[in-house]
Chemist: 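Pasting in a structure now, in structure tokens, and then I'll have a few things to ask.
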2 protein chains.
Amino acid sequence: MSDSPEKLSVWCAGEEWCPITTTASLIGKKWHPVIIHRLLENGPSGFNELKEDVDGISSKVLSDSLEDLQEKGLVDREVINEQPFRVNYSLTDLGASLEPVISEMAAWGQRYLEEPTESDEATQ
Amino acid sequence: MSDSPEKLSVWCAGEEWCPITTTASLIGKKWHPVIIHRLLENGPSGFNELKEDVDGISSKVLSDSLEDLQEKGLVDREVINEQPFRVNYSLTDLGASLEPVISEMAAWGQRYLEEPTESDEATQ
DNA sequence: CGGCATCCACATGGATACTG
DNA sequence: CAGTATCCATGTGGATGCCG
């Protein structure tokens, strides 16, 4: 993994460019952080493998999210076999460079969020 | 600022509870990270003050976002004067505890994202 | 100043079924 | 296995205007 991926040029909503807004626009979608986290933890994965790791996602949404992440240059898709058909998703260098961000999010969640109990579950 | 805010119990989409998914559901909306960032940087702020700091947001969306952040226990709203009407938004201890996450996002954005040039701007 | 009301367009995501 | 197709409900955000 290179430690200096190419920079990404992304336009941003406001009038002034803001690194936080822009970063949020990259990973601020519902499933993006989890997908990146799984790819960081488990390494390159196939589609259904990823679908099982990312609990609760539908194939359509996973497909959409992966396409989005590819466009943003954070994820690579590689067809590694035609028959049987096999695909590999992996992080680009830029995607992998998000590791500190993702692990801060995970750490924060573990420290400050409480796992719902059975009774919480019943009320949902 | 206390260093051990109360834990927050949040339900999460999938079948298994996941700290990343849950954290993402808290700060994964378009403007939330910026709002938190501004409150961290500039301290407690009034509504319009915040609106100017968060560049490009409309009052409706800021209002919605702040309400959401209050419900999630990350932001406090305090009416500090009736006439003239003045309100103060500040981070709760839990909200302030997000500082490492937010600053990682900001740092990542500054390191790996490129500010668009004038010509980029022209094509948008 | 600090919003809320209204309206509307578009994005997002979930369920289900089907395909090469 | 790795998706796509379709449909549909809800969410999200932007514009504008008004109010105490």
Side-chain angles (χ1 to χ4, degrees), chain A residues 10-15 18 21-22 24-35 38-39 42 44-72 75-90 124, chain B residues 10-15 18 21-22 24-35 38-39 42 44-72 75-90 124:
Chain A
V10 188
W11 189 241
C12 152
E15 286 122 42
C18 162
T21 313
T22 316
S25 78
L26 291 181
I27 59 167
K29 305 211 172 173
K30 186 167 180 184
W31 297 102
H32 289 198
V34 209
I35 294 171
R38 297 302 187 266
L39 288 174
N42 306 335
S45 312
F47 186 86
N48 283 325
E49 196 179 348
L50 210 47
K51 185 168 174 332
E52 273 157 44
D53 291 344
V54 178
D55 186 63
I57 197 171
S58 73
S59 51
K60 183 214 169 201
V61 176
L62 178 56
S63 180
D64 290 352
S65 304
L66 285 169
E67 196 183 332
D68 191 40
L69 288 167
Q70 284 168 69
E71 276 167 16
K72 285 162 174 167
V75 161
D76 252 352
R77 176 184 188 269
E78 191 188 4
V79 178
I80 55 171
N81 205 338
E82 285 293 349
Q83 218 114 16
F85 194 45
R86 278 204 155 273
V87 171
N88 224 18
Y89 289 97
S90 57
Q124 298 287 331
Chain B
V10 188
W11 188 241
C12 154
E15 286 122 44
C18 161
T21 313
T22 316
S25 78
L26 291 181
I27 58 167
K29 304 211 173 175
K30 185 168 181 185
W31 298 102
H32 290 198
V34 208
I35 294 171
R38 297 301 187 267
L39 288 173
N42 307 334
S45 311
F47 187 86
N48 283 325
E49 196 179 350
L50 210 47
K51 185 168 175 329
E52 274 158 46
D53 291 344
V54 179
D55 185 63
I57 197 170
S58 73
S59 53
K60 183 214 170 199
V61 175
L62 177 57
S63 180
D64 290 352
S65 303
L66 285 169
E67 195 183 333
D68 191 40
L69 288 167
Q70 285 168 68
E71 275 167 18
K72 285 163 174 167
V75 161
D76 253 352
R77 176 184 188 268
E78 191 189 2
V79 178
I80 54 171
N81 204 338
E82 285 292 349
Q83 217 115 14
F85 194 46
R86 280 207 154 270
V87 171
N88 225 17
Y89 289 97
S90 58
Q124 298 287 329

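Labels below follow one simple rule: chain letters A, B, ... track the order of the sequence lines, proteins then strands, and each chain is numbered from 1.
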Chemist: Expressed in angstrom and rounded to an integer, what is the separation of B:Glu82 atom CD from C:dC1 atom P?
Modeler: 17 Å
Chemist: Quick one: A:Lys51 NZ to C:dT16 C1', roughly how many Å, whole number?
Modeler: 12 Å
Chemist: Among C:dG3, D:dG13, D:dG3, which nucleotide has an atom closest to any side-chain atom of B:Phe47?
Modeler: C:dG3
Chemist: The helix from C:dC1-D:dG20 to C:dG20-D:dC1: angle between its terminal axes, five pairs each, to 10°?
Modeler: 50°
Chemist: Is B:Tyr89 close enough to C:dC1 that one of its side-chain N or O atoms is under 4.0 Å from OP1 or OP2 there?
Modeler: no
Chemist: Using nucleotides 9-12 of chain D, report all nitrogen or oxygen pairs with the protein that are shorter than 3.5 Å.
Modeler:
| from | atom 1 | to | atom 2 | distance (Å) |
| --- | --- | --- | --- | --- |
| D:dT12 | OP1 | B:Lys29 | NZ | 3.0 |
| D:dT12 | OP2 | B:Lys29 | NZ | 3.2 |

Chemist: How long is the gap from CD1 on A:Ile35 to NZ on A:Lys29, to the nearest 0.5 Å?
Modeler: 11.0 Å
Chemist: How would you list, by chain and number, every residue that makes a side chain to side chain donor-acceptor pair (under 3.5 Å) with B:Asn42, sequence neighbours excluded?
Modeler: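 Checked B:Asn42 against side chain to side chain donor-acceptor pair (under 3.5 Å); matches are B:Asp53.
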Chemist: Does D:dG3 have OP1 or OP2 sitting under 4.0 Å from an N or O in the side chain of A:Arg77?
Modeler: yes
Chemist: As an exercise, state the distance from CZ of A:Arg86 to CG of A:Asn81, rounded to the nearest 0.5 Å.
Modeler: 8.0 Å
Chemist: D:dA2 P sits how many Å from A:Ile35 CD1, rounded?
Modeler: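 So the two atoms are 15 Å apart, to the nearest Å.
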Chemist: Side-chain contact, heavy-atom cut-off 4.5 Å: B:Asp55 with A:Cys18?
Modeler: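 With C-beta onward as the side chain, the pair stays apart.
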Chemist: Could you work out which one of D:dA2, C:dC4, C:dG3 sits closest to the side chain of B:Ser63?
Modeler: C:dC4
Chemist: Any non-hydrogen side-chain atom of A:Leu50 less than 4.5 Å from a side-chain atom of A:Leu39?
Modeler: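 In contact.
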Chemist: Using whole Å, what does the distance between atom C1' of nucleotide D:dC19 and atom CG of B:Asn48 come to?
Modeler: 14 Å
Chemist: State which of D:dG3, C:dG2, D:dG14 makes the closest approach to the side chain of B:Val87.
Modeler: C:dG2
Chemist: Can you measure A:Leu62 atom CG to C:dA15 atom C1' for me and round it to whole angstrom units?
Modeler: 16 Å
Chemist: Shorter than 3.5 Å, N or O on both sides, protein versus nucleotides 17-20 of chain C: list them out with atom names.
Modeler:
none

Chemist: Heavy atoms only: give me the nearest B:Asp68-B:Lys72 pair and the separation to one decimal.
Modeler: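 Here B:Asp68 and B:Lys72 meet closest at OD2-NZ, 2.8 Å.
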Chemist: Looking at residues at least two apart in the chain, or sitting in another chain, which of them share a salt bridge (charged side-chain N to carboxylate O under 4.0 Å, His left out) with A:Lys51?
Modeler: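 For A:Lys51 there are no salt bridge (charged side-chain N to carboxylate O under 4.0 Å, His left out) partners, ignoring immediate neighbours.
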Chemist: Please tell me which of A:Pro84 and A:Glu67 maps to the more 5' nucleotide of DNA chain D, matching each residue to the nucleotide holding its nearest heavy atom.
Modeler: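 It is A:Pro84, whose closest nucleotide lies nearer the 5' terminus.
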Chemist: Checking A:Gln70 now: which residues fulfil side-chain contact (heavy atoms from CB on, under 4.5 Å) with it, not counting sequence neighbours?
Modeler: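 By the side-chain contact (heavy atoms from CB on, under 4.5 Å) rule, A:Gln70 matches A:Leu66, A:Val75, A:Arg77, A:Tyr89.
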Chemist: Might you point out which heavy atoms bring A:Arg38 and A:Val54 nearest each other, and give the distance in Å?
Modeler: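 Heavy atoms only, the tightest pair is CG-CG2, 3.8 Å.
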Chemist: Please give, in whole Å, the distance from D:dG14 P to B:Asp55 CG?
Modeler: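 Whole-Å distance recorded here is 12 Å.
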Chemist: Using distance only, find each side-chain donor-acceptor pair of residues 56-64 of chain B under 3.5 Å and give its atom names and separation, not counting sequence neighbours.
Modeler:
| from | atom 1 | to | atom 2 | distance (Å) |
| --- | --- | --- | --- | --- |
| B:Ser58 | OG | B:Val61 | N | 3.3 |

Chemist: Output the rounded distance in Å from CG (A:Asp64) to C1' (D:dT4).
Modeler: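 Atom-to-atom, A:Asp64 to D:dT4, this comes out as 10 Å.
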Chemist: Going by the rule side-chain contact (heavy atoms from CB on, under 4.5 Å), which residues pair with B:Glu82 if we only count those two or more places apart in sequence or in a different chain?
Modeler: B:Val79, B:Phe85
Chemist: Roughly, in whole Å, what's the span from CD in A:Glu49 to P in D:dA2?
Modeler: 8 Å
Chemist: Write down the atom of B:His32, the atom of B:Ile27, and the distance for their closest heavy-atom approach.
Modeler: CB-O, 4.0 Å
